[in-house]
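Each chain gets a letter, A, B and so on, in the order the sequences are listed, and its residues count up from 1. Side-chain atoms are counted along with the backbone in the values below, which use heavy atoms only and exclude waters and symmetry mates.
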There are 2 protein chains.
Amino acid sequence: MQTTASSRSQIPTLRAVAELAGVSTSTASRVITGSPQVTEDSVARVTAAIAELGYVPNRAARSLVRRQPQTIAMMIPERTAEFFADPYFAEVIQGAAAYASSTDYSLTLLIESESDPEKTHQVLSRGNVGGALILSHHSASEAYFTLSRSLPVVFGVRPPGGEDADIHVVDVDNVAAAALAAGHLVERGAVRVATITAPLDTSAGRERLQGWRDTLESAGLAPGGWEEGDYTPAGGAAAMRRLLERADTFDAVFVASAQMASGALGVLQSRGVRVPEDVAIATLDNNYFSTSTTPPLTTVDLHTEEKGAMMVQALVRLIEGATVDTEVFVPITLVERESTAL
Amino acid sequence: MQTTASSRSQIPTLRAVAELAGVSTSTASRVITGSPQVTEDSVARVTAAIAELGYVPNRAARSLVRRQPQTIAMMIPERTAEFFADPYFAEVIQGAAAYASSTDYSLTLLIESESDPEKTHQVLSRGNVGGALILSHHSASEAYFTLSRSLPVVFGVRPPGGEDADIHVVDVDNVAAAALAAGHLVERGAVRVATITAPLDTSAGRERLQGWRDTLESAGLAPGGWEEGDYTPAGGAAAMRRLLERADTFDAVFVASAQMASGALGVLQSRGVRVPEDVAIATLDNNYFSTSTTPPLTTVDLHTEEKGAMMVQALVRLIEGATVDTEVFVPITLVERESTAL
DNA sequence: CTGAAAGCGCTTACAG
DNA sequence: CTGAAAGCGCTTACAG
């Protein structure tokens, strides 16, 4: 109590800035909000006063008067397993938080209640957040369709059923990413390219499968075998075992995520299959799972951190009334490593 | 703009609640804040009105008048690698966010600028957060010592140099956790227990080594060999390779984190060492890395998610002026799995 | 126990 | 371009 009180009294207000600068709070406020209707002289004096006092606007007061909380909610899935296993969320969050810190908005974490989507809706629609970022793949995201009519919302994945809906999505082009990885395998000389897919009940899973298929087709190659994984190393390993049991052999495999690829690589090596000599591997995600294996894996960097930043950027624009494309693609880049070396 | 405006007009205010309940806003406010000086009848009527309107207090207004932002900052390390590789942060964050949602506080993510701690200090001390949670191990956390004099702060790890400082720490008892795991190995009959440590420039690393040492000593066993790891599977694997090169053999190993244990296990198996028959393994962290290996690993659950919740709980108490222990221990539990089966 | 009133720290028409 | 004034939605002494 005492600590708090004493610290509070130190914090400079707009009034203090205005007094020091010798202007009214109105003028000081105009300078701070970047209003054009102020003289250069006012700007200089207020700016100096702000610097001298280390003034930072009170968010609560600003939010109250603007009727617009300077807060963005990042909805994170309640189902912990999904959230934990994957560095994906951490990267998106990191990127989003970093970008948010460069804006006037703060990023707050909200658990989405999957058992009770109505509750989540409540929390978001009651005026305490300026907009929301939706990350989950599977969840009952239809609830967010309605929400996005009354609150700015940006999705990190196109939600199931959201093909026609008037929603905003910031995501990687999964077809293109898969095609980039598979294409690299083909260019390198592979002629029998198998794949381990991401879960096919997600759009990302289906699109990555599609990208692989398209690539082989346009290269005039017959599609190789494919098995479904679940985004985990163990799932990738299991899929690789099934792939090896099949009649059709392969000289390369496109694995739809680095976590799965690390598991699949282990199986290959335990069977004495040499990578890249016998089987080349290309995957997606430039993270720990593609850099720390032996050999390290050729992959497509999905720029997940940048994705987080782009989501916040799109949302802030939406909140501030600017026009935002309904679909924004996050850049992708091929990173060549030993797993496809010649 | 239009969307936003229309949605705003829907949001019920305290005044609307008061009118519906037939009381003044003062009384309505008292009911909401749980003041004792209201009649049962008032409580009933206001409560009903709140439910009917779906009223949620405006955080900005409340923060403004209370001079206390209803916001808790979770400081996350700028150094991305550390943050990404480990499910630890994600678990703590999840637990913290979930607990925060049951309070009046919202959890906001702030990147701590390690290159410029002064900047982080600025952000926190300028009155826009009610308190802060500090997670990082290494960082220049001394800056937070000063901060904790003017702002409620809870550390997730005792910062270097923070032995005597008057700070609040919520953490697992690392010595006890290591002793629990190592003790299980001993009870099971191991007589030559080696260890792979966490980085020894962290207090957690040193304490876990200590717990292993204490256990062997009190069991009357000579300390086995030890090698330092870096919290990653690759680091655990490297440490295990070094351990195997040493003269002293071992029939069990305590690995100070599950990520390292998964790497170490791989090395053992690739050398034809059977787990648990030839070497038993016990580790810390009950996460993906201890459950998904073959065999699954006996471990000490550090209740990381609960830790996040406890950190928020302690911080909220601090903010609200209650007394909080300077040191709070997160519970630990042994989880027996195949890696130590007899 | 209750209500009228003041005020938290800002922003923004409004008048000049 | 500038300042005085009103007001954002709450909470809390103050008086009754």
Colleague: Under 4.0 Å between any heavy atoms, over every strand shown, what does A:S26 touch: base, sugar-phosphate, or nothing? Just pick one.
Modeller: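 The residue A:S26 makes base contact.
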Colleague: Taking only side-chain N and O atoms of A:S29, does any of them lie within less than 4.0 angstrom of OP1 or OP2 on C:dT11?
Modeller: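 Looking at the OP1 and OP2 atoms of C:dT11, one of them is under 4.0 Å from a side-chain N or O of A:S29.
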Colleague: Would you write the dot-bracket representation of DNA chain C, where each base gets (, ), [, ], | or . depending on whether it forms a Watson-Crick or G-U pair under 3.5 Å and with which partner?
Modeller: |||.||||||||.|||
Colleague: Any chance you could lay out the salt bridge (charged side-chain N to carboxylate O under 4.0 Å, His left out) test for A:R59 and A:D104, step after step, and finish with the verdict?
Modeller: CA-CA 9 Å; A:R59 302 178 75 87; A:D104 283 340; over 6 Å; no
Colleague: Side chains of B:S29 and B:S26: is there a donor and an acceptor less than 3.5 Å apart?
Modeller: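 There is no such pair (donor and acceptor under 3.5 Å, judged by atom type) between the side chains of B:S29 and B:S26.
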Colleague: Less than 3.5 Å between a donor and an acceptor, one on the side chain of B:S24 and one on the base of C:dA4, is that the case here?
Modeller: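 For B:S24, whose side chain was compared with the base of C:dA4, there is no donor-acceptor pair (under 3.5 Å).
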Colleague: Quick check on C:dG9: is either OP1 or OP2 less than 4.0 Å from any side-chain nitrogen or oxygen of A:T13?
Modeller: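 It does not, given that no N or O in the side chain of A:T13 lies less than 4.0 Å from OP1 or OP2 of C:dG9.
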Colleague: Starting from the 5' end of DNA chain C, give me the residue, A:I32 or B:T39, whose nearest nucleotide shows up first.
Modeller: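 Looking at the nearest nucleotide for each, B:T39 comes out on the 5' side.
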Colleague: Rounded to whole angstrom units, what separation is found between the CZ atom of B:R62 and the P atom of C:dG7?
Modeller: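 It is 22 Å, rounded to the nearest whole Å.
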Colleague: Determine whether the side chains of A:Y105 and A:E320 contain a donor N or O and an acceptor N or O closer than 3.5 Å.
Modeller: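 Yes, side-chain donor-acceptor contact under 3.5 Å.
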Colleague: For A:S35, report the nucleic acid contact type (base, sugar-phosphate, nothing); a contact means any heavy atom under 4.0 Å.
Modeller: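 Touches nothing.
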Colleague: Take the protein atom CZ of B:R66 and the nucleotide atom P of C:dG9, then report the distance between them rounded to whole Å.
Modeller: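 That distance rounds to 16 Å.
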Colleague: Give a yes or no answer on whether the side chain of A:R126 reaches the backbone of B:G54 with a donor-acceptor pair at less than 3.5 Å.
Modeller: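 Yes: the side chain of A:R126 pairs with the backbone of B:G54.
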Colleague: Between B:T25 and B:L64, name the one whose nearest nucleotide on DNA chain C is closer to the 5' end.
Modeller: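 Going by which nucleotide is closer to the 5' end, it is B:T25.
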Colleague: Provide, to the nearest angstrom, the distance between the CZ atom belonging to B:R67 and the P atom belonging to D:dC10.
Modeller: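 Distance check: B:R67 CZ to D:dC10 P gives 19 Å.
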Colleague: Any donor-acceptor pair under 3.5 Å linking the side chain of B:D171 with the backbone of B:E327?
Modeller: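 No, the answer is negative, given that no donor and acceptor are paired below the 3.5 Å cut-off.
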Colleague: Which distance, rounded to the nearest 0.5 Å, do you find between the OG1 of B:T71 and the CG of B:L107?
Modeller: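 The OG1 atom of B:T71 sits 9.5 Å away from the CG atom of B:L107.
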Colleague: For the side-chain contact (heavy atoms from CB on, under 4.5 Å) test, which of A:I72, A:V324, A:V154 pairs with A:V316?
Modeller: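 Option passing the side-chain contact (heavy atoms from CB on, under 4.5 Å) with A:V316: A:I72.
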Colleague: Measure distances between side-chain N and O atoms of A:R59 and base N and O atoms of C:dG9, and say whether any donor-acceptor pair falls under 3.5 Å.
Modeller: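 Check fails, no donor-acceptor contact within cut-off.
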Colleague: What is the distance, rounded to the nearest whole Å, between atom CD of B:Q68 and atom P of C:dC8?
Modeller: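 Taking atom P of C:dC8 as the reference, CD of B:Q68 is at 16 Å.
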Colleague: Check this for me: does the side-chain of B:R30 come within 3.5 Å of the base of C:dG3 through a donor and an acceptor?
Modeller: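 For B:R30, whose side chain was compared with the base of C:dG3, there is a donor-acceptor pair (under 3.5 Å).
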Colleague: Closest heavy-atom contact between A:L53 and A:P12?
Modeller: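 Smallest interatomic distance, heavy atoms only, reads O-CG, 3.5 Å.
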Colleague: Calculate, to the nearest 0.5 Å, the distance between atoms CZ and NE2 belonging to A:R317 and A:H168 respectively.
Modeller: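 It is 12.0 Å, given to the nearest 0.5 Å.
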Colleague: Check each residue of residues 40-51 of chain B for a non-hydrogen atom within less than 4.0 Å of any atom in DNA chain D, then write out the ones that pass by number, or none.
Modeller: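 Close to the strand, none.
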Colleague: Can you check the A:Q37 CD to C:dC14 P distance for me, whole Å?
Modeller: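 About 13 Å, once rounded to whole Å.
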Colleague: Quick check against the 3.5 Å criterion: does A:D325 have a side-chain atom that pairs as donor or acceptor with the backbone of A:V328?
Modeller: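 No.
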Colleague: Could you measure between the two C1' atoms, the one in D:dT12 and the one in D:dG16, and give it in whole Å?
Modeller: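 Those two atoms are separated by 16 Å.
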Colleague: Give a yes/no on whether any side-chain N or O of A:Y55 is located under 4.0 angstrom from OP1 or OP2 of C:dC10.
Modeller: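 For C:dC10, OP1 or OP2 has a side-chain N or O of A:Y55 closer than 4.0 Å.
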Colleague: At 4.0 Å (heavy atoms only), tell me whether B:T33 reaches a base, stays on the sugar-phosphate, or touches nothing.
Modeller: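 Touches sugar-phosphate only.
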